[in-house]
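Below, read A as the first sequence line, B as the second, and so on, with proteins coming before strands; counting in each chain starts at 1. As a basis for the values below, the full set of heavy atoms in this structure was taken, side chains included, without hydrogen atoms, waters or symmetry mates.
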Amino acid sequence: MPVLPKSFYERDTAEVARELLGKVLVHRAREGTTSGKIVETEAYYGKNDPASRASRKRTKLNWLMWECGGLAFVYMVHTHNLFNVTTEREGVPGAVLIRAIEPLEGIEFMLRRRRVSNKFEMTSGPGKLTQAMQITRKHNGIDLTNNRSELIITEGEFEQFKRGSSHRIGVSADLKRKLRFFVLDNPFVSR
DNA sequence: ATCTCGATTGGCT
DNA sequence: GCCAATCGAGATG
């Protein structure tokens, strides 16, 4: 399946978050390939989004949100790595948090890394999927639109599905808009 | 140099 | 449902 081009990401962040559902995140590591269908996302904007890492000034931690679209943006919260994709054109902050995937390839690796037997516990949360797919801060800044990258996002080929939306999870101050998107009735969605 | 906090998770009551 | 774990980095003095 073809890799998503940069133009896919350089649009309104909520639109990208919604359309990322059903696309496929692929990690081609030495140990083996893991991949999964994206089933839950959240959109984060800049200045007037109080929940965003980019709501305040640009720092060593959040600078990637101002870069061009289609780059990996990984940071830690508590003990977990959270994986995001940058959106909007260079200079405009934005990113989409990938909150859950449905495993496709490399399920044996994911089970081992997560130390769980229940497959629904492998990737049904933003910190869970990074552990399962072994995504860490070393992937910060990787170009997800380059077919030679270790980490890429490709088109998917799935039956049509319904999407739902809600307010974002775990944020202390949210906007009025519903900026969380998920595949309806998919068991790998968190909660 | 020290304090504080978080886009989470898992274990225990 | 509640709460501790645990870590980087921004904020403060």
Side-chain angles (χ1 to χ4, degrees), chain A residues 9 12-21 23 25 34 36 38-67 69-88 92-103 109-142 144 151 153 163-183 187-191:
Chain A
Y9 301 99
D12 172 72
T13 305
E15 202 172 310
V16 176
R18 198 183 132 80
E19 301 215 358
L20 233 19
L21 297 177
K23 302 298 190 274
L25 175 62
T34 47
I38 296 171
V39 297
E40 181 181 349
T41 60
E42 279 178 0
Y44 288 87
Y45 288 93
K47 203 156 187 75
N48 36 34
D49 180 355
S52 174
R53 297 266 120 134
S55 63
R56 280 175 261 173
K57 67 180 176 197
R58 193 168 164 154
T59 67
K60 195 175 195 172
L61 183 93
N62 65 14
W63 64 278
L64 272 162
M65 290 189 73
W66 278 264
E67 294 302 304
L71 306 179
F73 168 40
V74 185
Y75 64 90
M76 277 192 113
V77 54
H78 291 272
T79 54
H80 304 276
N81 289 305
L82 271 57
F83 172 71
N84 299 253
V85 190
T86 62
T87 58
E88 313 272 356
V92 181
V96 172
L97 170 67
I98 308 303
R99 286 194 56 92
I101 61 157
E102 175 178 333
F109 296 121
M110 301 196 201
L111 283 172
R112 195 181 315 150
R113 291 168 185 158
R114 292 273 304 134
R115 296 184 184 160
V116 291
S117 50
N118 178 353
K119 65 176 182 172
F120 299 114
E121 282 298 313
M122 280 193 294
T123 56
S124 54
K128 296 177 186 175
L129 92 254
T130 54
Q131 191 188 0
M133 293 189 70
Q134 215 157 61
I135 297 172
T136 66
R137 280 197 321 289
K138 84 167 192 187
H139 298 106
N140 210 25
I142 278 189
L144 299 165
L151 214 50
I153 299 180
R163 294 164 218 251
S165 65
S166 78
H167 285 284
R168 293 175 294 188
I169 291 177
V171 298
S172 40
D174 205 353
L175 296 171
K176 284 182 183 170
R177 296 178 63 185
K178 291 181 177 175
L179 292 173
R180 170 175 174 252
F181 304 93
F182 52 91
V183 174
F188 292 91
V189 170
S190 70
R191 324 218 134 170

Starting from [atom2] on [N], measure out to [atom1] on [X] and report it in whole angstrom.
X: Leu82(A); N: dC7(C); atom1: CG; atom2: C1'; result: 14 Å
X: His80(A); N: dC5(B); atom1: NE2; atom2: C1'; result: 15 Å
X: Asn81(A); N: dT8(B); atom1: CG; atom2: P; result: 13 Å
X: Arg168(A); N: dT8(B); atom1: CZ; atom2: C1'; result: 16 Å
X: Arg137(A); N: dG6(B); atom1: CZ; atom2: C1'; result: 15 Å
X: Lys57(A); N: dG10(C); atom1: NZ; atom2: P; result: 9 Å
X: Trp63(A); N: dG10(C); atom1: CH2; atom2: C1'; result: 18 Å
X: Arg56(A); N: dC5(B); atom1: CZ; atom2: P; result: 11 Å

So if I take every side-chain heavy atom of [X] and compare against [options], which nucleotide ends up nearest?
X: Thr79(A); options: dT6(C), dA11(C), dT9(B); result: dT6(C)
X: Lys60(A); options: dG10(C), dT9(B), dG8(C); result: dG10(C)
X: Leu61(A); options: dG10(B), dG10(C), dA11(C); result: dG10(C)
X: Val77(A); options: dT8(B), dG10(B), dG8(C); result: dT8(B)
X: His78(A); options: dG6(B), dG10(C), dG10(B); result: dG6(B)

Where do Phe83(A) and Leu25(A) land on the side-chain contact (heavy atoms from CB on, under 4.5 Å) test, with the steps shown first? CA-CA 11 Å; Phe83(A) 172 71; Leu25(A) 175 62; 3.9 Å; yes

So, Asp12(A) and Arg18(A), do they make that salt bridge, N to O below 4.0 Å? no

dT8(B) phosphate, OP1 or OP2: any side-chain N/O from Arg99(A) under 4.0 angstrom? yes

Classify the nucleic acid contact of Thr59(A) as base, sugar-phosphate or nothing, counting any heavy atom under 4.0 Å across all strands shown.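 Result for Thr59(A) = sugar-phosphate.
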
Give Arg114(A) one of three labels, base, sugar-phosphate or nothing, depending on what nucleic acid heavy atoms sit under 4.0 Å from its own.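 Contact class for Arg114(A): sugar-phosphate only.
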
Crowded around Arg58(A) CZ? As in, over 12 foreign heavy atoms under 6.0 Å?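 Yes - once you tally the heavy atoms of other residues, nucleotides and ligands closer than 6.0 Å, there are more than 12.
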
Would Glu102(A) and Thr123(A) satisfy side-chain contact (heavy atoms from CB on, under 4.5 Å), going step by step from the backbone distance to the final call? CA-CA 7 Å; Glu102(A) 175 178 333; Thr123(A) 56; over 6 Å; no

Minimum side-chain heavy-atom gap Leu97(A)-Tyr44(A) below 4.5 Å: yes

If pairs are Watson-Crick or G-U with both distances under 3.5 Å, what is the dot-bracket string of DNA chain B, marking crossing pairs with [ ] and pairs to another strand with |? ||||||.|||||.

Applying salt bridge (charged side-chain N to carboxylate O under 4.0 Å, His left out), can you list everything that pairs with Arg180(A), at least two apart in sequence or on another chain?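 Checked Arg180(A) against salt bridge (charged side-chain N to carboxylate O under 4.0 Å, His left out); matches are Glu40(A).
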
Do side-chain atoms of Thr86(A) reach the backbone of Met65(A) as a donor and acceptor pair under 3.5 angstrom?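 Such a contact is absent between Thr86(A) side chain and Met65(A) backbone.
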
